[in-house]
Amino acid sequence: MASQQPRWLRDDRHGYLRILGSIRDFADSFANSSPARLALMIFSAVILVFTALLSLPMAASDGRVTPLHDALFTAVSAVCVTGLTVVSTATHWSFFGQFVIILGIFIGGLGTLTLASLLALIVSRRLGVRGKLLAQAALNNASRLGEIGTLLRIVITTSVIIEIVLAVVLVPRFLILGEPWWLALWHGIFYSISAFNNAGFTPHTDGLVPYETDLWILTPLMVGVFLGSLGFPVIMVLVQVRHHFRKWSLHAKLTVTVSLLLLVVGSFAWALLEWENMNTIGELDGADKTIHAIFASVMMRSGGFNLVDQTSMNTTTMLLTDAMMFAGGGSASTAGGIKVTTIAVMFLAIVAEARGDSEVRAWGRSIPQGAMRVAISVIFMGATLVLVGCGLLLAMTDEPLDKVVFEVISAFATCGLSTNLSAELPPQGKYVLSALMFTGRMGTITLASALALRQRSTLYRYPDERPIIG
């Protein structure tokens, strides 16, 4: 009984509880005042932990310590679900190292989903009116999902179920192809997590090239990448409302519509540009060329898996891939880039301006001016980061511009497609790409949330004066 315990023990317990209460109050206050900063701190801490794990001798297949720049690069690439590599995932890392990588991808994918969708709900029980409104907007008015514990459980459960389904489909195929059951199970799990989280890591030495016409393997990967690129808010709408398009939120409509449009346009454009290229798909028959084109269109927006050598593509195809990678996937998803809703909002604004409309409308809804300002800021920030990254790498190396731009955009957009420049860079170049992957994953989320939180109303208005534009 508590009354029978010594007084010093009760005092120690009360002091311990007071310390825990003070820590909790500080965390709540910090998260409430700056949830974006808290998200950055959490992601930074996770990356440091995984860097330390990958630096252990047992993480490398040869039992040696992996250099810090390689361990850090791999940790950032995994946690930020990018897929760029500086060492072979299949040969350099031991089973423990590969397990650390896939665990980093899983945690990084969940972190991205939760931080993007639930950023303002980190301390929802103590959030003010402004924070609650932001949280409701972040979840596309899905506030009825309840407290943060319930929301996190739904996010984790949805992700795990999708990944299990993908693994169940893939494992039998690897068994049929002659792999031992334990290796087939590991490869199925690895690819399912890597695909849904749009990571692009492969545990095979030759990647997916040996399976370039195997639809049993390619189809689940494409489905997983596409679902992951839609984002948790859209997946929840699809689960709740299913095919009733009229009941979808505006965010879901814009995300799915633009994603499908980019998928179709990207497939046709990639096929047109590479159809006769003998270094990529020129020697394949029409059906296999079509498979390659669709697969490339799905992957070059964020998936990171590839069936052809990126350096063998035409220069125009590389430019197309640059544009698709920069566009990325859906908001609050495992995909990177500036997000398809950003592109949709800017396109609708241009159409409205061309028509002379005073409001930007879509599917019976008006898009507020604040959303367009955030979209412009995200695009400008993304372009600036790419420009700075390219400048730094060009100053460090003698590589051609197209190759540098491709690698920088892939890092910023957390896509993972590579011309193998990452592995050839000096240590300082790898640090630059690591910083780009981190800012590309967290930067747009932080900027969007910070701008949304900083919106304020004023009691006065200056006279209008239109500058000359264009």
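Just so you know, residue 1 is the first one in the sequence shown, and it goes up from there.
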key: Partners passing salt bridge (Lys or Arg N to Asp or Glu O under 4.0 Å) against Glu276 (at least two apart in sequence or in another chain)   = none
remark   = Applying side chain to side chain contact (heavy atoms under 4.5 Å, CB included) to Thr85 and not counting sequence neighbours gives Thr89, Phe201
request  = Please identify each residue that fulfils ring pair (Phe, Tyr, Trp, His ring centres under 6.0 Å) with Phe95, with sequence neighbours left out.
outcome  = Trp186
inquiry  = Can you give me the closest heavy-atom contact between Ala252 and Val234, atom names plus distance?
reply    = CA-CG2, 4.0 Å
task = Among residues two or more places apart or on two chains, list those pairs meeting salt bridge (charged side-chain N to carboxylate O under 4.0 Å, His left out) that have a residue in residues 206-220.
result = Arg173-Asp214
ask   = What pairs with Glu283 under salt bridge (Lys or Arg N to Asp or Glu O under 4.0 Å), at least two apart in sequence or on another chain?
value = none
With sequence neighbours excluded, residues passing salt bridge (Lys or Arg N to Asp or Glu O under 4.0 Å) with Glu179 = none
inquiry  = Give me each pair satisfying ring-ring contact (aromatic ring centres under 6.0 Å, His included) with a member in residues 338-357, each pair once, sequence neighbours excluded.
reply    = none
task = Sequence neighbours left out, what passes side-chain hydrogen bond (donor to acceptor under 3.5 Å, both in side chains) with Glu163? Give chain and number order.
result = Asn197
message = For Asp70, give me all partners under salt bridge (Lys or Arg N to Asp or Glu O under 4.0 Å), at least two apart in sequence or on another chain.
response = Lys430
task = Taking side-chain hydrogen bond (donor to acceptor under 3.5 Å, both in side chains) as the test, write out the residues that go with Thr91, two or more places apart.
result = Ser88
Listed partners of Tyr191 passing ring pair (Phe, Tyr, Trp, His ring centres under 6.0 Å), at least two apart = Phe174, His204
request  = Report the residues that fulfil ring pair (Phe, Tyr, Trp, His ring centres under 6.0 Å) with Trp363, sequence neighbours left out, ordered by chain and then residue number.
outcome  = Phe245
request  = State, to 0.1 Å, how close Leu307 and Val209 come at their nearest heavy-atom pair, and which atoms those are.
outcome  = O-CG2, 3.9 Å
message = Could you report the tightest heavy-atom contact between Lys339 and Gly330, atom names first, then the distance?
response = CD-O, 3.3 Å
